[in-house]
Amino acid sequence: MKTLSENACFGGTQGVYSHPSKECSCDMTFGLFLPQEASDGPVPLLWYLSGLTCTHENAMTKAGAQAWAAEAGIAVVFPDTSPRGEGVADDPAYDLGQGAGFYVDATQAPWQPHFRMWSYLSNELGTLLERNFAIDADRQSITGHSMGGHGALTLAMGLPGRFRSVSAFAPICNPSASDWGQSQLTAYLGADQSAWAGHDASLMMRDLGFDGPVLIDTGTKDQFVDLLMPETLAQAMAARRQTGSFRMQPGYDHSYFFVQTFIEEHIAFHAEALWA
């Protein structure tokens with residue numbers, strides 16, 4: 001692992017690191033905020049998964065998470081959204097290829113050799129963090145924005161017992177029925193839609209649910225709301241009587257100004273579960 005940068009931040013440290021990934025067969029980069037408490041021992045960890053076109057840097061610099069994480073005494077990791085580099089498959093479209101990993105393990109060419117974001121996040125990166133930093137393996141939660149909200153929800157429900165709480169900002173809720181999902185899941189996983197079910201938050205909520213609290217925020221003026229399909233997740237949560245809150249926030253769009261507005265509430269929500 002290489003240290004690319006470390007900066008003092010709200011009494012703690014905001015670092016950026018890279019490492020060779022066995023799962024993705026390339027170098028991967030991530031950001032990690034550690035609060036001051038990490039100097040005394042392991043701290044809880046919140047995962048933040050970013051959206052389409054993003055790198056590790058977008059949320060790290062735009063979400064404003066560090067101030068509230070420092071106050072709560074929790075770490076925040078900002079992974080990249082896909083494998084990158086020479087030899088890694090890509091596509092001219094912004095919503096496929098590098099920057100658009102959709103948090104799945106690809107089974108189709110040309111994506112299969114590198115696009116293994118599910119296994120990278122669920123196994124490799126978590127193990128690396130726990131071995132190299134003061135991270136409490138038993139106290140972890142997850143959140144994300146847009147494509148990252150989709151990833152946060154599917155990882156939380158697909159890995160029972162791994163995360164204590166899950167939240168999402170404007171998540172892609174029903175990718176198997178949306179233009180933000182159908183083409184990508186076909187490219188990565190093939191045309192057989194039975195392989196998609198484990199990567200669709202609305203279907204997973206209907207069939208599995210989450211053993212813990214859930215918080216969802218989407219703006220009423222989100223310019224991509226027809227692609228996000230929030231009503232499908234709301235209906236699934238209601239039908240399952242899932243513990244949690246689903247909120248449509250009046251006047252907010254899809255931008256990081258929306259994320260900044262509600263990040264304090266999301267971190268407080270996770271901190272309550274992580275310190276319980």
Side-chain angles (χ1 to χ4, degrees), residues 46-52 81 100-105 117-119 121-122 140-186 188-189 192-220 222 224-249 252 254 258-259 262-263 265-270 272-274 276:
L46 176 63
W47 294 72
Y48 185 107
L49 307 187
S50 289
L52 287 167
T81 55
F102 266 77
Y103 304 104
V104 303
D105 283 353
M117 291 302 293
W118 178 279
S119 290
L121 294 176
S122 63
Q140 300 192 24
S141 293
I142 191 166
T143 188
H145 175 228
S146 193
M147 180 186 72
H150 140 80
L153 289 164
T154 56
L155 281 159
M157 289 185 279
L159 301 170
R162 171 72 178 273
F163 301 106
R164 294 195 175 193
S165 53
V166 60
S167 74
F169 301 87
I172 300 172
C173 296
N174 193 195
S176 63
S178 168
D179 287 343
W180 267 2
Q182 289 182 325
S183 61
Q184 294 86 353
L185 294 177
T186 299
Y188 294 139
L189 302 177
D192 182 359
Q193 295 193 16
S194 64
W196 303 1
H199 300 285
D200 187 304
S202 295
L203 300 182
M204 296 177 77
M205 181 61 69
R206 181 195 68 189
D207 296 337
L208 300 172
F210 178 67
D211 186 19
V214 177
L215 174 60
I216 309 295
D217 277 318
T218 300
T220 60
D222 192 307
F224 305 113
V225 70
D226 291 338
L227 296 169
L228 303 177
M229 301 180 69
E231 65 278 2
T232 61
L233 182 59
Q235 291 163 4
M237 289 178 66
R240 192 169 186 86
R241 299 176 182 174
Q242 171 69 46
T243 301
S245 298
F246 181 97
R247 310 188 302 192
M248 296 298 299
Q249 299 290 0
Y252 287 91
H254 200 72
F258 161 64
V259 175
F262 297 102
I263 191 72
E265 293 182 40
H266 280 245
I267 289 180
F269 163 80
H270 291 296
E272 182 176 357
L274 289 167

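Panel note: side chain Arg240, backbone Arg206; a donor-acceptor pair is recorded below 3.5 Å. A donor-acceptor distance shorter than 3.5 angstrom exists from the side chain of Gln242 to the backbone of Phe210, with no hydrogens or angles considered. Of the possible donor and acceptor atoms, none in the side chain of Ser167 sits under 3.5 Å from a partner among the backbone N and O of Ile216.
For His150 and Asp200, the side-chain atoms include no donor-acceptor pair closer than 3.5 Å. A donor and an acceptor atom, one from each side chain of Thr154 and His199, are nowhere located under 3.5 Å apart.
Of all heavy-atom pairs spanning Ser146 and Gly51, the tightest one is CB-CA, 4.4 Å. Between Ser165 and Ser141, the shortest heavy-atom contact is OG-OG, 2.7 Å. Across all non-hydrogen atoms, the minimal contact from Ser50 to Met147 is O-CE, 3.9 Å.
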Quiz item: Taking it one step at a time, do Ile172 and Met229 satisfy side chain to side chain contact (heavy atoms under 4.5 Å, CB included)?
Solution: CA-CA 7 Å; Ile172 300 172; Met229 301 180 69; over 6 Å; no
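Ring planes of His145 and His254: tilted class, angle from 30 to 60°. Between Trp47 and Phe163, the ring planes are perpendicular. Angles over 60° get that label, and only those under 30° would be called parallel.
Note on Glu272 versus Arg164: no salt bridge recorded, every NZ/NE/NH1/NH2 to OD/OE distance being 4.0 Å or above.
Taking CG from Leu49 and CZ from Phe169, the interatomic distance works out to 12.0 Å, rounded to the nearest 0.5 Å.
A 6.0 Å sphere centred on CG of Asp207 holds more than 12 heavy atoms belonging to other residues, nucleotides or ligands.
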